[in-house]
Amino acid sequence: MSLIAFSTSLALMAAVALPHPIPNPNPALLGQAAGWREIPFEVVDGKPLIAATIGEARGRLMFDTGTPVSIMLNRDALNLDEGTQLRGGQAASGQVLSVREHPAPPVRVSGQPMSTPPLLLSGDFGFVEVAFGPDFLGFVGSPAVSGGAFVLDYGRQVLTILQTQADGLPGVGEPPREDVVARFSVAMAEGEQPTTGAFVGSLPVVLDFDTGDGGTFYVRAETRAALEAKGVLTPEGDLAVVGPVSFGGAVFERISVTLIEAGGPKDVRPWPGSNALRLGARFLALNPSLWNFTDHTITILRPGSSYLKPR
């Protein structure tokens, strides 16, 4: 597991009473834009980082759909008041988090103001700065894009926020059918990642997606041995390659993941012990994707799709 290959939702939902999201008919990251907005990002340690200003501090936020609040601040990089101490949490990489709640400072993302709840959470994420630098300001999470859709394109390094219509379809239209590699429905439980099902070889597994994770296969020891024997799982250095992996009507022959023993000491999920596949930055960097929170679907696109061109 890499330094920041964790989903804050898994730790914080179990340990912290999160504020209820404020209902928002449009994604908060859309701002005042009409219909769509393109937000450039940098790729640092494989993850998408977006330029932001929190109060007077300039830096970057990681776009992390595994974070269950619109903004999670890095207290170690910001001059915040003492705030209110909440119950602690734990990152999946093992670090203990001290979580506080603060009156929300002004937030600007890629130069534009972003509407936030009146109170924001902060954590002591100084350990993440090793990978992202001292200007790492925190995370922008799934509530900032809910109520609409987004396209994540590592090729152009652009996150495109899309307004959706009453029928759930993006106002800019849907991708051409010939450019769709896979399309599937996902469950959207509050505080969890979009979740569907897949087959690793012939093994059925729960599959979820998280932009803040490099990609993780939680696999039981006996299952791992069986998959290795069948050639479906092959260790390669610190990672492993699994395949074929089938979902959404497509087959992916090689997917690079970190291995964690399901039920082992590093499995800090609320439901440890089960086999599950999480696809994150390594997969998404190679496979542009359209996430529609309104109709609960994810679409994997062909890298050369016209849908990815500048609007």
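Note: hydrogens, waters and symmetry copies are ignored here, and every other heavy atom, side chains too, is used.
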*Asks:* With sequence neighbours excluded, what pairs up with Phe63 under the ring-ring contact (aromatic ring centres under 6.0 Å, His included) test?
*Replies:* Phe150

*Asks:* Does CD belonging to Glu56 count more than 12 external heavy atoms closer than 6.0 Å?
*Replies:*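 It does not: Glu56 CD has 12 such atoms or fewer within range.
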
*Asks:* Go through Arg60 and Glu42 one step at a time and tell me if the salt bridge (charged side-chain N to carboxylate O under 4.0 Å, His left out) criterion holds.
*Replies:* CA-CA 9 Å; Arg60 298 170 296 177; Glu42 297 178 67; 3.4 Å; yes

*Asks:* Show your working on side chain to side chain contact (heavy atoms under 4.5 Å, CB included) between Glu236 and Ser256 and close with a plain yes or no.
*Replies:* CA-CA 9 Å; Glu236 290 191 357; Ser256 180; over 6 Å; no

*Asks:* Under the 3.5 angstrom rule, does the side chain of Arg100 hit a backbone N or O of Leu121 as a donor-acceptor pair?
*Replies:*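 It does not hold such a pair.
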
*Asks:* Got a second to check how far Glu101's CD is from Thr84's OG1, nearest 0.5 Å?
*Replies:*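 Here the rounded value is 6.0 Å.
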
*Asks:* So, does Arg278 use its side chain to make a donor-acceptor pair with the main chain of Gly214 at under 3.5 Å?
*Replies:*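 No, because the side chain of Arg278 does not come within donor-acceptor range (under 3.5 Å) of the backbone of Gly214.
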
*Asks:* What's the spacing between Leu30 CG and Ser115 OG if we round to 0.5 Å?
*Replies:* 12.0 Å

*Asks:* Just do the side chain to side chain contact (heavy atoms under 4.5 Å, CB included) check on Leu290 and Tyr307 with the steps written out, would you?
*Replies:* CA-CA 10 Å; Leu290 164 63; Tyr307 203 72; 4.2 Å; yes

*Asks:* Which residue in the set Phe217, Tyr154, Phe252 passes ring-ring contact (aromatic ring centres under 6.0 Å, His included) when paired with Phe283?
*Replies:* Phe252

*Asks:* Check the surroundings of atom CZ in Arg58: do more than 12 heavy atoms from other residues, nucleotides or ligands lie under 6.0 Å from it?
*Replies:*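 No - once you tally the heavy atoms of other residues, nucleotides and ligands closer than 6.0 Å, there are 12 at most.
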
*Asks:* Has the side chain of Tyr218 got a donor or acceptor atom that lies under 3.5 Å from a matching backbone atom of Pro272?
*Replies:*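 Between the backbone of Pro272 and the side chain of Tyr218 there is no qualifying donor-acceptor contact (under 3.5 Å).
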
*Asks:* Please report the interatomic distance CG(Asp295) to CG(Leu169), rounded to the nearest 0.5 Å.
*Replies:*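 If we round to the nearest 0.5 Å, Asp295:CG and Leu169:CG are 6.5 Å apart.
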
*Asks:* Heavy-atom count check: over 12 atoms from other residues, nucleotides or ligands less than 6.0 Å from Asp167 CG?
*Replies:*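 More than 12 within 6.0 Å, yes.
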
*Asks:* Less than 4.0 Å between a side-chain N and a carboxylate O, is that true for Arg156 and Glu38?
*Replies:*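 Judged by the 4.0 Å cut-off on N to carboxylate O distance, Glu38 and Arg156 do form a salt bridge.
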
*Asks:* Take a 6.0 Å sphere around CD of Gln32 and say whether it holds more than 12 heavy atoms from other residues, nucleotides or ligands.
*Replies:* no

*Asks:* How many angstroms lie between CG in Leu308 and CG in Asp179, if you round to the nearest 0.5 Å?
*Replies:*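 Rounded to the nearest 0.5 Å, the CG-CG separation comes out at 8.0 Å.
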
*Asks:* So that I know where these two stand, are Phe125 and Phe136 an aromatic pair - ring centroids less than 6.0 Å apart?
*Replies:* no

*Asks:* Does either side chain, that of Asp208 or that of Thr195, offer a donor lying less than 3.5 Å from an acceptor on the other one?
*Replies:*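 No pair is found: no donor N or O on one side chain lies under 3.5 Å from an acceptor on the other.
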
*Asks:* Using the test side-chain contact (heavy atoms from CB on, under 4.5 Å), find all partners of Asp124 that sit at least two apart in sequence or belong to another chain.
*Replies:* Arg75, Asp76, Leu97, Ser98

